[in-house]
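See structure below.
This chain uses plain numbering: 1 for the first residue, then up along the sequence. When reading the values below, keep in mind they use all heavy atoms of this one structure, side chains included, and skip hydrogens, waters and symmetry mates.
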Amino acid sequence: FNRLFVDGSPLSKRGIKRPIVAVFDSGLTGCLLIRPFWNFVQEYYATDLMDNAKDARNFHSVSITMKGMGGTFCNITSNVKDDPRQFYVNPIDLDWFDDEETGPYVIILGQTFL
């Protein structure tokens with residue numbers, strides 16, 4: 001995808017040395033971040049946004065802009081205000097990749113994003 005905003009603040013691509021892959025899962029309600037990506041986001045908000053500190057473990061919104069078919073861009077957003085019962089962001093440990101240190105960051109988007 002092209003851009004990621006958490007609680008209205010853009011997550012800078014600076015420092016991200018891996019591809020980020022979005023997976024849609026209609027059997028999931030909220031949003032899951034593969035553990036290494038979760039750790040990166042936690043560290044990013046703890047260090048880069050000290051002047052606007054947020055508890056990254058308590059996300060309130062996630063917005064993703066991705067390039068679609070034909071080169072057009074699509075914005076997908078979910079937040080606790082619009083969907084308080086189903087919106088959440090949690091880490092997940094996946095064994096999808098042989099090397100967790102070099103595999104892509106994965107964000108799994110559930111029904112609140114569909």
Side-chain angles (χ1 to χ4, degrees):
F1 52 83
N2 193 21
R3 301 177 97 191
L4 173 65
F5 289 81
V6 177
D7 289 345
S9 299
L11 183 67
S12 172
K13 290 186 178 182
R14 178 179 44 87
I16 299 179
K17 296 181 177 22
R18 304 187 209 188
I20 301 173
V21 177
V23 176
F24 291 95
D25 183 346
S26 62
L28 178 72
T29 55
C31 177
L32 299 173
L33 304 178
I34 193 170
R35 178 80 56 186
F37 190 35
W38 173 266
N39 293 341
F40 178 86
V41 171
Q42 295 289 327
E43 185 176 322
Y44 176 83
Y45 282 105
T47 58
D48 286 3
L49 297 177
M50 289 288 246
D51 58 327
N52 190 19
K54 293 179 175 68
D55 179 4
R57 294 181 190 273
N58 192 18
F59 293 118
H60 293 95
S61 68
V62 173
S63 179
I64 298 168
T65 303
M66 60 181 67
K67 195 172 189 177
M69 299 293 288
T72 60
F73 288 92
C74 177
N75 187 46
I76 299 169
T77 301
S78 184
N79 60 67
V80 73
K81 183 179 176 184
D82 290 341
D83 203 349
R85 292 182 23 193
Q86 293 188 5
F87 179 82
Y88 62 85
V89 180
N90 287 326
I92 186 169
D93 295 309
L94 298 175
D95 60 355
W96 290 0
F97 309 104
D98 292 332
D99 184 0
E100 197 173 273
E101 297 301 316
T102 60
Y105 287 143
V106 178
I107 182 169
I108 304 168
L109 306 169
Q111 293 177 18
T112 62
F113 290 90
L114 300 177

Working to the nearest 0.5 Å, report the span between OG of Ser63 and CZ of Arg3. 9.0 Å
Spatial distance of atom CG (Leu94) from atom CD1 (Ile34) [nearest 0.5 Å]: 4.5 Å
Gap separating the NZ atom of Lys81 from the CZ atom of Phe87, nearest 0.5 angstrom: 14.0 Å
What verdict does the side chain to side chain contact (heavy atoms under 4.5 Å, CB included) test give for Phe113 and Thr77, after you've listed the backbone C-alpha separation in whole Å, the side-chain angles of each residue and the deciding distance to 0.1 Å? CA-CA 6 Å; Phe113 290 90; Thr77 301; over 6 Å; no
Check the pair Ile20, Phe37 against side chain to side chain contact (heavy atoms under 4.5 Å, CB included), reporting the backbone distance first and the verdict last. CA-CA 9 Å; Ile20 301 173; Phe37 190 35; 4.1 Å; yes
Provide the closest heavy-atom pair for Leu109 versus Leu28 in the form atom of the first, atom of the second, distance. C-CD2, 4.4 Å
Testing the basics here: between Leu32 and Tyr88, what is the closest heavy-atom pair and its distance to 0.1 Å? CD2-CE1, 4.1 Å
What verdict does the side chain to side chain contact (heavy atoms under 4.5 Å, CB included) test give for Val62 and Asn79, after you've listed the backbone C-alpha separation in whole Å, the side-chain angles of each residue and the deciding distance to 0.1 Å? CA-CA 6 Å; Val62 173; Asn79 60 67; over 6 Å; no
As a quick check of understanding, evaluate ring-ring contact (aromatic ring centres under 6.0 Å, His included) for Trp38 and Phe59, giving each step before the final call. CA-CA 12 Å; Trp38 173 266; Phe59 293 118; 5.7 Å; yes
Does CG belonging to Asp95 count more than 12 external heavy atoms closer than 6.0 Å? no
Backbone of Ser26 reached by a side-chain donor or acceptor of Gln111 within 3.5 Å: yes
A side-chain contact here means heavy atoms from C-beta on lying under 4.5 Å apart; do Arg18 and Pro36 qualify? yes
Kindly compute the distance separating CD1 (Ile64) from CD1 (Ile76), expressed to the nearest 0.5 Å. 6.5 Å
From Ser9 OG over to Leu4 CG, what is the distance, rounded to the nearest 0.5 angstrom? 10.5 Å
For Ser61, is there any backbone N or O sitting under 3.5 Å from a side-chain donor or acceptor partner on Asp7? yes
Apply the test side chain to side chain contact (heavy atoms under 4.5 Å, CB included) to residues Leu33 and Val106: give CA-CA distance (whole Å), side-chain angles for both, the deciding distance (0.1 Å), then the verdict. CA-CA 6 Å; Leu33 304 178; Val106 178; over 6 Å; no
Thr112 side chain vs Thr29 backbone, donor-acceptor pair below 3.5 Å: yes
Identify the heavy atoms of Ala22 and Met66 that sit nearest to each other, and give their distance. CB-CE, 4.3 Å
Taking atom SG of Cys31 and atom CD1 of Ile107, what is their separation to the nearest 0.5 Å? 4.0 Å
Starting from Leu11, can I reach Phe73 by hopping between I/L/V/M/F/W/Y residues whose side chains sit under 4.5 Å apart? no
Between Phe5 and Val80, is there shared hydrophobic-cluster membership here, with clusters defined by ILVMFWY side-chain heavy atoms closer than 4.5 Å? no
Determine yes or no for a side-chain-to-main-chain donor-acceptor pair under 3.5 angstrom, with Arg35 supplying the side chain and Pro91 the backbone. no
